[in-house]
Amino acid sequence: MSGSKSIAQVIVDVPTKATDRPFDYLVPEALMSEVRLGCRVKVPFGPRKVLGYVVGLKDEAETPRLKAILDVLDFVPPLTPELVRLGFFMADEYMCHTMTALASMVPAVLKGTYEKVVRLHPEVDAQADSLLTLSAAPLLTHLREKKECLWDEALTLVANDAPLLRQLAEAKWIQVEERIGDRVTRQKVMWVRPKQSVNQLKQTLEQLSGRAKRQQEVLRYFIRHPEEIPLSSLLTELQVVRSTIQKLVELDALAWEEREEYRDPFKDRKFQPTKPLSLTEEQAEALQAIVQPIRDRRYCSVLLEGVTGSGKTEVYLQAIAEVLNTGREAIVLVPEISLTPQMVERFKGRFGDQVAVLHSGLSSGERFDEWRKIRRGEVKVAIGARSAIFAPFQQVGLIIIDEEHESSYKQEENPKYHAREVAAWRAQYHGATLVLGSATPALETYYHASLGMHEWVTLKERVHGRPFPAVKIVDMREELRKGNRTMFSDTLREELLACVERGEQAVLFLNRRGFSTFVMCRECGETLMCPHCDISLTYHQTNRTVRCHYCGYAERVPQTCPSCQSQHIRHFGTGTQRVEEELARRFPGVRVIRMDVDTTSRKGAHERLLKAFGEGKADVLLGTQMIAKGLDFPKVTLVGVIAADTMLHLPDFRAAERTFQLLTQVSGRAGRHEKPGKVIIQTYSAEHYSIDLAASHQTETFYKQECFMRKQHEYPPYCSLFTILISHPDRVTVMRTGQEMARQIQTGMPAECQLLGPVPAPIPRLKDRYRLQMLVKYQAERGHALMLKPLLREVVAMFDDPELRISVDRDAGELMEIRDGW
DNA sequence: TCCTCTGAAGCC
DNA sequence: GCTTCAGAGGAC
């Protein structure tokens, strides 16, 4: 190996097409031990300096004019070798830049910040002041006072004369430094400990001058408590100052050191330790199916189909215990909205401080701390929402995806990954077991299981043999014919009153997806629309504003119609706020807690409201999507669905599947304990199979029917999809581009593939951009993706108008744009 | 003739 | 994405 040089291959933080490949850099002798696979480095790139990830290391004899790595930013590489490989897989699979894929796997604080700082050059000649050009004077004066400033400030001080700054730097008047750092500094805490034995401390105490009262006090403290203590606690406890301690450190009596401290988000919470519960026969069988491949250390995916209330979580917990016994780690994914304190408590209760929790409620610093516990192997279980799938464990034995059908496992931004697919990749890499748990699996999971691609275990019974709630469908068209024009059917009204009278609780569910409160003029029929998007504005009572839920535009509700000046302008629709008003009017005295984006936007509000409901401070919990799952309140005996079909008519081929899943989940909230539950579903489409079959708990029949429908219309899982969405500020340009792009794809794609569109996207205009979409249906098992991916990449590259935005998504991501909660 | 503006080409 | 550099067109 004599004469050969060490080379690092680096993916640079310049996410563009042209730079989306590794660049080679020399590893300087001094950094040899620090430059490791997966760590972040600072490298020169063109005329500037950027951050990059080391994705490969090699030795080479010939190194034609390579630049060298400038610095290493991590002691422990944030990416394991496995995650580096996963990054390349994702870049290919989800058609994104490698840097984008790599960056998505680490906490946001490691994304790096760039700072260009200007300073006086240390060798600047004071006498040279006379040479100062007039235009540089303000900057140099400023630097004399402040020592340094940001590049942009410096530019302002020289009237935006960038060449002048360059000249000043060349003439060694100023120094320009590009700083690359983390977004937050790690929290550091000073610890103080005695450096001498108690006897030595006593000697030191006697040698102290009589005047050093404070120092004596501190020494006496350590003689009483010869243990380490955080500096801040010591200072407050003894009412001394830092310099007192410093003196004693200088005397070698004490020692202090800075230590990184974890911000523990659960610091003040006690978790009740729990023991494994005894399992039902079904549960035991399911557990066995999961545990066997864990013991064999082979890759295996298991669909755990368990009805609501069948005790899936206990199966998860015992499977995890088994993995920990084999010395390996477990990742648990749950949808963000069900990452409730109830859920966290169960895991913390069983596995204590072996658990790291990652969810969006944490500050970026707290998130980083939890992540570091995983990276350092200080915990064995990671539980979190979608991005927790990247938990940097090195011995993964089990990955569990709870409520695997949830759409929140699909990331809508680049990289547009599905956590289920990433999980399958990681499980295969590690020879781990993948568990997909749900009462209502995604249709494709169901289909794959039926083809034998997953092991398939079912939990058909609720624990303790509790019966399923009785579900009644109320046809709202009938109600209208009877003359009931309110949003509560007679049945729901009676049941609700009876429920409250019995002292029990009810949950009212309003599916606002695609159906929110809008403002319309009764005179001319004009609806208030967002000036930037083709979307009607949503009415918010709290501050009497209308808002666009897509771009955030907000304005006060106008007094008169902007189009005809009529005063008869008012809000329509069935937002949660209106249901709440109506409840107050029709059921005086009934206490309601409303949960929606308005009431839960503040940190911790979600938790607080649920706690209040659990403590019986309200009779009715009214809410959107966010109350559909995970909740388990013993006193809830009635569940009402105000309008079951609001999302049935969205332009989404999964509309029926979503409706079925949601209704099944909501119904599962009732009668989970001693008292039997009742569910009332109000709908205008009573005959639709998704509503009917959810009401009668006929899961199997629904899936068969839905598979039939998908096959008829050639939709997934019977084909695979690419969605291409293009947007442009100009309507004509986007249409012309769309046509041309479609022609290119059509010509290049395999003949068996099918191109649909371009057609206007479900939201034809968003944030002042016109949007078109195209759909390519293909057969993955015939290898079409292998041809389509390069083709789409090529076609996308051909249209490089900076105003044009193109997004390519496997599957139909765009149609799911309407997010839960809104 | 010099200067400014704009677009394209690297970047290891 | 940013910087530089070259080539075009404009003002003097």
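Computed from a predicted structure; not experimentally measured. All heavy atoms count here, side chains included; hydrogens, waters and symmetry mates do not. Below, chains carry the letters A, B, ... as their sequence lines are ordered, and counting in each starts from 1.
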Visitor: According to ring pair (Phe, Tyr, Trp, His ring centres under 6.0 Å), does anything in residues 18-47 of chain A pair up with another residue at least two apart or in another chain? List the pairs.
Guide: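 Output for this query lists A:Phe23-A:Phe45.
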Visitor: Any ring pair (Phe, Tyr, Trp, His ring centres under 6.0 Å) pairs touching residues 64-96 of chain A, not counting sequence neighbours?
Guide: A:Phe89-A:Trp425
Visitor: With no hydrogens and no angle check, just 3.5 Å: does a side-chain donor-acceptor pair link A:Ser727 and A:Arg769?
Guide: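 There is such a pair between these side chains.
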Visitor: Taking side-chain contact (heavy atoms from CB on, under 4.5 Å) as the test, write out the residues that go with A:Arg731, two or more places apart.
Guide: A:Met735, A:Tyr770
Visitor: If the condition is side-chain contact (heavy atoms from CB on, under 4.5 Å), which residues does A:Val796 pass it with, not counting sequence neighbours?
Guide: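 In terms of side-chain contact (heavy atoms from CB on, under 4.5 Å), with neighbours along the sequence ignored, A:Val796 is linked to A:Ile806, A:Val808.
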Visitor: Residues of residues 42-49 of chain A with any non-hydrogen atom less than 4.0 angstrom from an atom of DNA chain C: list those, numerically ordered, please.
Guide: A:Phe45, A:Pro47, A:Arg48
Visitor: Please list, chain by chain and in numerical order, all residues satisfying side chain to side chain donor-acceptor pair (under 3.5 Å) with A:His97, sequence neighbours excluded.
Guide: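 Result, side chain to side chain donor-acceptor pair (under 3.5 Å) vs A:His97: none returned.
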Visitor: Among residues at least two apart in sequence or on other chains, which ones pass side-chain contact (heavy atoms from CB on, under 4.5 Å) with A:Asp24?
Guide: A:Ile7, A:Gln9, A:Lys58, A:Leu66
Visitor: Excluding sequence neighbours, so at least two apart, what forms side-chain contact (heavy atoms from CB on, under 4.5 Å) with A:Ala785?
Guide: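 Once residues adjacent in sequence are excluded, the partners of A:Ala785 under the side-chain contact (heavy atoms from CB on, under 4.5 Å) criterion are A:Tyr778, A:Lys789.
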Visitor: Within residues 13-27 of chain A, find the residues that approach DNA chain C with a heavy atom at under 4.0 Å, and present them sorted by residue number.
Guide: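 Within residues 13-27 of chain A, the residues near DNA chain C are A:Val14, A:Thr16.
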Visitor: List in numerical order all residues of residues 96-106 of chain A for which some heavy atom is under 4.0 Å away from an atom belonging to DNA chain C.
Guide: none
Visitor: Using modelled atom types only, decide if a donor and an acceptor are shared between the side chain of A:Arg386 and the backbone of A:Lys410 within a distance under 3.5 Å.
Guide: yes
Visitor: Who pairs with A:Arg36 by side chain to side chain donor-acceptor pair (under 3.5 Å), at least two apart in sequence or on another chain?
Guide: none
Visitor: Hey, what do you get for NZ (A:Lys416) to OG1 (A:Thr723), rounding to the nearest 0.5 Å?
Guide: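 Output value for this atom pair is 8.5 Å.
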Visitor: What is the distance from atom CD1 of A:Ile745 to atom CD1 of A:Ile724, rounded to the nearest 0.5 Å?
Guide: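 It comes to 4.0 Å.
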Visitor: Identify the 5'-most and 3'-most nucleotides of DNA chain B with at least one atom closer than 4.0 Å to a non-hydrogen atom of chain A.
Guide: B:dC11 to B:dC12
